[in-house]
Structure formats: C-alpha cells, structure tokens
Amino acid sequence: SNTSSVLPPAISLTTNVPTRGDVTYKSSDLWHSKDNSVGLNWEQKLGRGWKLTNNARFSSMSVEAFTPLSTVSPIAMDNIVTYFILGALHPPTQIIPGTYTVSQGGQPIMSIQSFSGFDYHVISNTAPGSALSPNSLFFTPLIYNYNKVSEFRDQFNFNKKSGNHTFNIGGFFDNSSLNRVSGSMGVSLNTIQNHPQTVGISVTNPGNVTYQVTNPNGIVNVGADQGYTIINSKQSQKAVYFAHTWEINDKLTFDWGARYENVRIHGTNNAPSLVASTTGGVDGNPLTLYDNTSSALGSPFSYDKTLSYLSYSGALNYKVSDQTALYFRYSNGKKAPGYNIYNDVSNAFGASSLDPQVQIIQQYEVGYKSKIENATFTITPFYSLLSHIPNSVTFTNDATGLLYNPPALYNNIRTFGIELESSIKLSNNFNIKGVVTAQDAKATKYNAWIHETDNSHTTAGTDIMIDNSGNKVYDNKGMDF
C-alpha cells in the first residue's frame, strides 16, 4: 500500500571495504551517482559525392549504491541454514549450543534452544508476523555496489551515392574500463511487520557464557557477510564495415553489408575472502560474534581473451505494385559475449576453463507488405538459429558460505515463427497498430549446472552438468500480442 514499508529502521554502519577503505552505510542516504560525458559530431563534404561523418564521445560514470531492499525476505529461526548464514555456525571453529534469545527494545520476543549446535527448536515466540511466516524474522542483506566505467568511442563513415548505387564504408573503435566492488556490509534482522523494528540476538551456552550474535543495531556479520568481489577489467573493440545498396531497376533492390570486429577483454577478479580473527575482532572481544570475521582482498584470477569475427547480411526487395512488395533477407550476425562471463571468474577452475565463444544469430525471413487505402499489413515468416548463448549461474560454497560461479555453458536455440503486423489510420490523429507473433522455439543444445548441497556444510559440495537438449524454451509463450 501507500503507507506500508519493509524498509529496515535507521541504520548507520561504517566498515572497511577492500580497495575502497572505510565506507559508511546510511539507510537515509542510499545512492550516489556521477555521470560526465563530452562528445564531438563532425560532418564533412569531400567532393565528388563523398561525405564523411565522425562521431566521438568520452564518458565517465560512477555509482555507489546501498540497496537494502534487494532481497528482503523472511528467514526461519528454527532452520540450521539460518545460523550458518548469520555466522553463529561456522564449523569447525564456531559451534555454539545453548539458548538463543531474540530481543526487541530490550524485551525477549523469541527463544530458541539448541542442544548440539546443529538443532534449533523455538520454545517461545511473541514476535509479530507469525501468520505470514512462523518463527521468522525479516532478513535484509545490506548490499553494497560500487561501479566506475570510463569509455571512449569513435565511429566514422564515408558515404557516396553514385547512380543506382549507395555505398557506406566506415569503422568503429571503443576502449572502456570497468572497476567494480560488490558485496554485503552485513545483514540486518528485523521483525516481520509494517515498518519493521530492529532485533538483537544473543546465545548463552551450557557453561553460562553469553555471546552477542548481533551488534547493538541488530546487524550480524558486520563488514563480512559474503565478502567482496573486486573486478578490474578493460575492453577494446575495433571494427570496419562495408554496406552497398543497388537499385537494380524501379522494382528490384539488392542491399548487403559486412562487418569485421576484433574484441579484447583483459582484467583481474579478486574473489570474496573472509578472515577469522584470533583476537576477538574489531573490538577485541571474542564474545561479540558479529565482528569476529572480516573481509579481505581475495585471490586474484586474471584473464586475457581476444575474439575476431565477421558478420554479414543480404536482402532482395521486390516492388510488385504501388500497394504490395516482397522481400527476402538472410542474416549471419555475430557478437562477442558480454562482460558477465568474465565477471563470473571467481576461482582457479573458472579462470583456466574460461572459453568465450562468439554468439551467432542466423536468420532467414520472407516478408509480404500490403497497403490498402489507410491500412498497411505485413506478414513475415522466419527461421532463426541462435548459437553459443552463455548460461551463467551463482552457487554457494557449502564449506565457506561464499558465492562463486562455475564456468558458463553455451547453448543453442532454434525458432520457427511468423509475425503479423498491421496499422490502420482512422484519422489524422488516431492510429491503431497491432503485432502478433506465433513461434516455436526449441533448445537444440541446452546444458546447465546443478549444485549438490553438502548439508553438513563441511565441504564445498559438487556441481553436476545436466543436459536438457530437445526441450522447448521455457519462456517462449508460443504467441505474443
């Protein structure tokens, strides 16, 4: 509604972020953005029908974002996974049986008994929100992201029209850099209600020693929730292209073009890393669990990959009459995969097995266009084959609790379809447009990773690749309007 909110209460937290130094999280000051750019557009007539255009731009953008609402969700206080996430269960260094007390405003609202440190039983609960999620609290990671992107790009084009021929010859250059820091500054625990309230958690072991799981602001894993992923990468892209349109006669036109590209991406990723303190953490007190682990700059994993490829397309357009036309087009487009598969490199296996593949889009299409008075209609049957589509996933290491990414897997999708498009002009101020697409898409090759969880949380678990080839594409509706 307009008055309800699951935002956590006011939070102010300063922690050390690798490569960024001390960073202050304030729930009232969540977004800092800077964007600067300068561009140059130049057009020059060269004589004899030739014209040169050149467009250049330099831009620099930085964003520092604190996003507590990215994954607000209930978390069950009688589930062993909860305590592993909250840092109260990190075998074999920190296993604490006893009585866990959840307090709000200094008053107990939930009590949990653990006999072994691996079992959790709620023995009393007056916390709000039980009807929504029994024995639970709101779990709000304090997500931190810093991104800085600098880019210079330049494109030039020579154009000439000579008789029935039009030529375009040009090139493109782009050089960019990415600096990224992403992770979580801790986890805020709150009551499940409109305008949630902060809670505190403590545990008293059988020896009557009490540990503070949360800090005074109800935050666990201060500065060390999932560690931080550090990415520093650069990309350079160079391309040349040629395009030609030939008006063969007043009815038949042929156009074609080709583009050659070279893309290089190189950089270093530092994987998340957590360091357990032997001296009681930042405050020197081993009984305050919330700061007994800190984030550190993780192991570096470097990559340097270059891809080169040629794309081309051609089409015939035939004007049957002033009201109807036919066309046929074949396209073979290629592009380098995005930054994501490089950003996902988070371990030695991922770095050594990184194998970026050029994505290929092949498409055949036939079109029929018709114009009748104030209406136009287009029918376009098509066939397309998308190859080398990267599929990336993120898993949790069962032994450390840290996130990691197995290598991207590449898949293929085949699609048959037909598109119907129409536009009807009812008046000078009112048009009706509609598009209907019917298609059948099948994954001719589709591999995916699944993670076999180690429920003891003492090993990393096992990743298994499965083959789902031959199935229909899951997000293909068959018909779109």
Side-chain angles (χ1 to χ4, degrees), residues 8-9 11 13 15 74-130 133-142 185-192 196-225 274-295 398-401 455-458:
I11 295 173
L13 175 69
T15 65
I75 188 168
M77 298 306 294
D78 54 2
N79 190 323
I80 186 175
V81 176
T82 296
Y83 295 85
F84 182 75
I85 294 173
L86 302 184
L89 177 63
H90 279 176
T93 61
Q94 189 168 280
I95 303 172
I96 306 177
T99 301
Y100 287 78
T101 301
V102 180
S103 301
Q104 196 276 311
Q107 299 299 316
I109 60 173
M110 191 184 301
S111 182
I112 304 101
Q113 183 69 50
S114 175
F115 296 99
S116 65
F118 294 97
D119 63 310
Y120 297 88
H121 311 276
V122 175
I123 56 179
S124 67
N125 179 18
T126 59
S130 294
S133 183
N135 301 326
S136 300
L137 297 171
F138 265 149
F139 168 86
T140 307
L142 306 180
M185 302 180 73
V187 174
S188 175
L189 295 174
N190 308 281
T191 54
I192 299 177
Q197 300 299 306
T198 297
V199 301
I201 301 177
S202 62
V203 54
T204 301
N205 70 11
N208 205 33
V209 177
T210 298
Y211 298 83
Q212 298 299 322
V213 180
T214 64
N215 76 353
N217 290 321
I219 300 173
V220 298
N221 299 337
V222 173
D225 179 32
L274 299 178
V275 179
S277 173
T278 59
T279 59
V282 176
D283 60 7
N285 184 357
L287 302 183
T288 54
L289 304 183
Y290 53 80
D291 67 349
N292 286 356
T293 302
S294 61
S295 296
D398 298 320
T400 66
N455 291 320
S456 70
H457 299 287
T458 56

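Basis for what follows: all heavy atoms, side chains included, without hydrogens, waters or symmetry-related copies. Small disclaimer: the values here were computed from a predicted structure and weren't measured.
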Exercise. Would you indicate whether the side-chain heavy atoms of Ser114 and Tyr120 approach each other to under 4.5 Å?
Key: yes
Quiz item: Going by distance alone, is a donor N or O of one side chain under 3.5 Å from an acceptor N or O of the other, for Ser202 and Gln212?
Solution: no
Practice problem: Could you tell me whether the side chain of Leu289 reaches within less than 4.5 Å of the side chain of Ile96, counting heavy atoms only? | Solution: yes
Quiz item: In Å, rounded to the nearest 0.5 Å, how long is the span from CD1 of Ile123 to CD1 of Ile112?
Solution: 8.5 Å
Quiz prompt | Distance, nearest 0.5 Å, that separates CZ of Phe138 from CD1 of Ile75 | solution = 12.0 Å
Self-check item: Heavy-atom pair with the smallest gap, counting every atom of Thr198 and Gly218
Solution: CG2-CA, 3.4 Å
Practice problem: Determine the minimum heavy-atom distance between Met110 and Ala127, stating which atoms define it. | Solution: CE-CB, 4.0 Å
Quiz prompt | Rounded distance (nearest 0.5 Å) linking atom OG of Ser136 with atom CG of Asp78 | solution = 7.0 Å
Quiz item: Between the main-chain N or O of Gly200 and the side-chain N or O of Ser103, is there a donor-acceptor pair closer than 3.5 Å?
Solution: no
Self-check item: Any Leu137 side-chain heavy atom under 4.5 Å of Val102 side chain
Solution: yes
Practice problem: Using only heavy-atom distances, determine whether the side chains of Ser116 and Asp119 contain a donor-acceptor pair under 3.5 Å. | Solution: yes
Exercise. Quick one: do Gln113 and Tyr100 satisfy side chain to side chain contact (heavy atoms under 4.5 Å, CB included)? Show the steps, please.
Key: CA-CA 6 Å; Gln113 183 69 50; Tyr100 287 78; over 6 Å; no
Quiz prompt | Distance-minimising heavy-atom pair for Thr101 and Pro108 | solution = CG2-CB, 4.0 Å
Quiz item: Checking side chain to side chain contact (heavy atoms under 4.5 Å, CB included) against Val222, which of Asn292, Asn215, Thr293 comes through?
Solution: Asn215
Quiz prompt | Student check: side-chain heavy atoms of Ile109 and Thr191 closer than 4.5 Å | solution = yes
Quiz item: Mind checking whether Pro216 and Tyr290 have side chains closer than 4.5 Å, heavy atoms only?
Solution: yes
Quiz item: Do Asp283 and Asp291 touch side chain to side chain, with heavy atoms closer than 4.5 Å?
Solution: yes
Quiz item: In Å, rounded to the nearest 0.5 Å, how long is the span from CD1 of Ile219 to OG1 of Thr140?
Solution: 10.5 Å
Self-check item: Min side-chain heavy-atom separation Pro206-Pro97 under 4.5 Å
Solution: yes
Quiz prompt | Closest non-hydrogen atom pair between Leu13 and Met185, with its separation | solution = CD2-O, 3.6 Å
Practice problem: Please determine which of Asn205, Thr204, Asn285 meets the side chain to side chain contact (heavy atoms under 4.5 Å, CB included) test together with Tyr211. | Solution: Asn205
Quiz item: Would you say the side chain of Val199 lies within less than 4.5 Å of the side chain of Thr214, judging by non-hydrogen atoms?
Solution: no
Self-check item: Gap separating the CG atom of Asn221 from the OG atom of Ser188, nearest 0.5 angstrom
Solution: 12.0 Å
Exercise. Determine, stepwise, if the pair Val220 / Leu189 fulfils side chain to side chain contact (heavy atoms under 4.5 Å, CB included).
Key: CA-CA 8 Å; Val220 298; Leu189 295 174; 4.3 Å; yes
Quiz item: At what distance, to the nearest 0.5 angstrom, does CD of Gln107 lie from OG1 of Thr126?
Solution: 9.5 Å
Quiz prompt | Where Gly280 and Thr288 come nearest, the two heavy atoms and their spacing | solution = O-OG1, 4.4 Å
